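Structure record follows, encoded as structure tokens.
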Amino acid sequence: MKPSLILSLFVILTLISAPNLSVAGRTGEKCPDENTLTRQARIALVEAQKLMGEEKIKEAKITLETFVREYPEENHAYVAYTMAGIYLEQGKMEAALAQYEKTIGFCPAYAPAWQNIGKVCYDLGKYSRAATALEKTWELTGKENHALRFHAAAAYISAKAPQKALTILEFLCSGQAGAPEENWVKLLVHLSIEQKTPGSAVKTVERLLAQPDPKPYLFLLATSLYLDMNLYKKAVQNLDAYGLIKSLTRAEQILLADLYNNLGIPARAAENYEKSLALEPSQKIHERMATAWFDACEYETALAAAKQGLTTYPDSYALWKLVGWIHYEAKAFVPAAEAFHQASTLDPKDAKSLFMYGLCSCRAGDNESARKALQQAACNVNYKDRAMGLIRQMEAAAEKI
């Protein structure tokens, strides 16, 4: 058989064994020496190739097993590698792994065998061995196929060795491996947050954001990092910037609103809550929006938002209470009393709404309703003194009449 045919067989087997990890296999001193194949080994390999081409995998396996049994001293890296590919075709992962290990025993620098060890070990859950095998493949193929190192990092994570994974990811995202791919940077950020070591990830993301025309996903990663570091101002700046480039999802819109609320900018919070409601109605978010308008001292807008919410969510205790406060601030005590009454009815444990119902009823001149509400509110230790004080004031005023 011509050498080119022998080599083509092993390239095909490599692609079959590891479809997700592309390796540019080197020739020469780093591959098994085809010239060292004995006559019997060549005959067995040719026959096995022929049978495999005819999809007679079982017969090909028997051919090579017979050769190894009859000529054990003539076993060769190519024979073991081919046998590994056959076992892999049959789904016999452990047997395939044993043959790949035997292959590198014959030829320690054979990159395709190391690559397949990495893939098979990963599939078998032997993650630490998978990681070291993939790193070895990266070294043997000239340290240029950085996808191999990324897969090694993923294997280290599965092996519960996050620091080893971080070391690889920091290198991949440093610029030493060229422009980092999106999934490399995302995994670096995710793992850095998980391990509570955001330093290198922050430097990487900030460096990439400083370049001309940064990719939009970087703004989201920066948001996640700054949130984890409790740097809310920077988080909101990056999420806002992302929103100028891409449409925010409902969850992202709510997060942006919550961040503005946290920073004490309720008007911007309300605007973003409103945008999220346009994507999907929600009682909770409607309550937050109306409250944010109130906190921004936009009372008319807050009242309109609260009333609109009550048409859809008439049992919203929070919205009724907010309506009460808005009317109270405007000294409209009759509607304020009605709203606080609704709120206290919906949540009987809310002593504050009950007290405010009594107070507003008193200010509106409805002494009977005020007395009943205040007597109930006085049962709460926090409002006892104020409620009883109002009752005494009403009684004193009545005596003067």
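Because the structure is predicted, anything quoted here is derived from the model rather than measured.
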Would Thr132 and Tyr156 count as a side-chain contact (heavy atoms from CB on, under 4.5 Å) here? Give the steps.
CA-CA 9 Å; Thr132 56; Tyr156 276 129; 3.7 Å; yes

Salt bridge [X]-[Y], side-chain N to carboxylate O under 4.0 Å:
X      : Y      : result
Arg268 : Asp240 : yes
Asp258 : Arg288 : yes
Glu139 : Lys143 : no
Lys215 : Glu182 : no
Glu54  : Lys50  : yes

Quick one, [X] and [Y] - any side-chain contact, counting heavy atoms below 4.5 Å?
X      : Y      : answer
Ser344 : His341 : yes
Leu374 : Met394 : yes
Leu303 : His327 : yes
Leu248 : Leu239 : yes
Pro266 : Asn261 : yes
Arg149 : Phe171 : yes
Glu252 : Thr249 : yes
Lys352 : Asn382 : no

Nearest heavy atoms of [X] and [Y], plus distance in Å:
X      : Y      : result
Met93  : Val120 : O-CG1, 3.7 Å
Tyr299 : Ile326 : O-CG2, 4.0 Å
Leu172 : Pro180 : O-CB, 3.8 Å
Ala77  : Pro32  : CB-CG, 3.6 Å
Pro198 : Leu225 : CB-CD2, 4.0 Å
Gly175 : Arg207 : N-NH2, 4.1 Å

Using salt bridge (Lys or Arg N to Asp or Glu O under 4.0 Å), reason through Glu101 and Arg129 one step at a time and then give a plain yes or no.
CA-CA 11 Å; Glu101 295 283 8; Arg129 177 58 171 160; 2.8 Å; yes

Is the side chain of Thr197 donor-acceptor paired with the backbone N or O of Ile193 at a distance under 3.5 Å, no angle test?
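Such a contact is absent between Thr197 side chain and Ile193 backbone.
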
Return yes if some donor-acceptor pair links the side-chain N/O of Trp114 with the main-chain N/O of Pro108 below 3.5 Å, else return no.
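The answer is yes, because a donor-acceptor pair under 3.5 Å joins these two groups.
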
For Glu338 and Gln342: C-alpha separation, side-chain torsions, deciding distance, then whether side chain to side chain donor-acceptor pair (under 3.5 Å) applies.
CA-CA 6 Å; Glu338 292 173 354; Gln342 288 288 344; over 6 Å; no

Please report the C-alpha distance between Tyr328 and Trp325 in whole Å, then the side-chain angles of each, then the deciding distance to 0.1 Å, and finally whether the ring-ring contact (aromatic ring centres under 6.0 Å, His included) criterion is met.
CA-CA 5 Å; Tyr328 178 79; Trp325 280 111; 5.7 Å; yes

Would you sort out whether Leu227 and Leu255 count as a side-chain contact (heavy atoms from CB on, under 4.5 Å), showing the intermediate values?
CA-CA 10 Å; Leu227 277 176; Leu255 174 59; 3.9 Å; yes

Nearest-0.5 Å distance that lies between atom CD1 in Ile157 and atom CG in Leu191
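Separation between the atoms: 4.5 Å.
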
Would Tyr232 and Tyr226 count as a ring-ring contact (aromatic ring centres under 6.0 Å, His included) if you check the C-alpha gap in whole Å, the side-chain angles of each, and the deciding distance to 0.1 Å?
CA-CA 7 Å; Tyr232 300 120; Tyr226 291 133; over 10 Å; no

Are Glu89 and Lys61 close enough, and set up right, to give a salt bridge (Lys or Arg N to Asp or Glu O under 4.0 Å), and what steps lead you there?
CA-CA 10 Å; Glu89 280 286 315; Lys61 172 174 167 287; over 6 Å; no

Looking only at the side chains, is there a donor atom on one of Tyr260 and Asn272 sitting less than 3.5 Å from an acceptor on the other?
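The criterion, which ignores hydrogens and geometry beyond distance, is not satisfied for Asn272 and Tyr260.
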
Under 3.5 Å, is there a donor on one side chain and an acceptor on the other for Thr38 and Glu74?
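There is such a pair between these side chains.
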
Do Lys186 and Tyr217 form a cation-pi contact, if we require the NZ or CZ to be under 6.0 Å from the six-membered ring centre and within 45 degrees of the ring's axis?
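Checked: cation-pi criterion met.
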
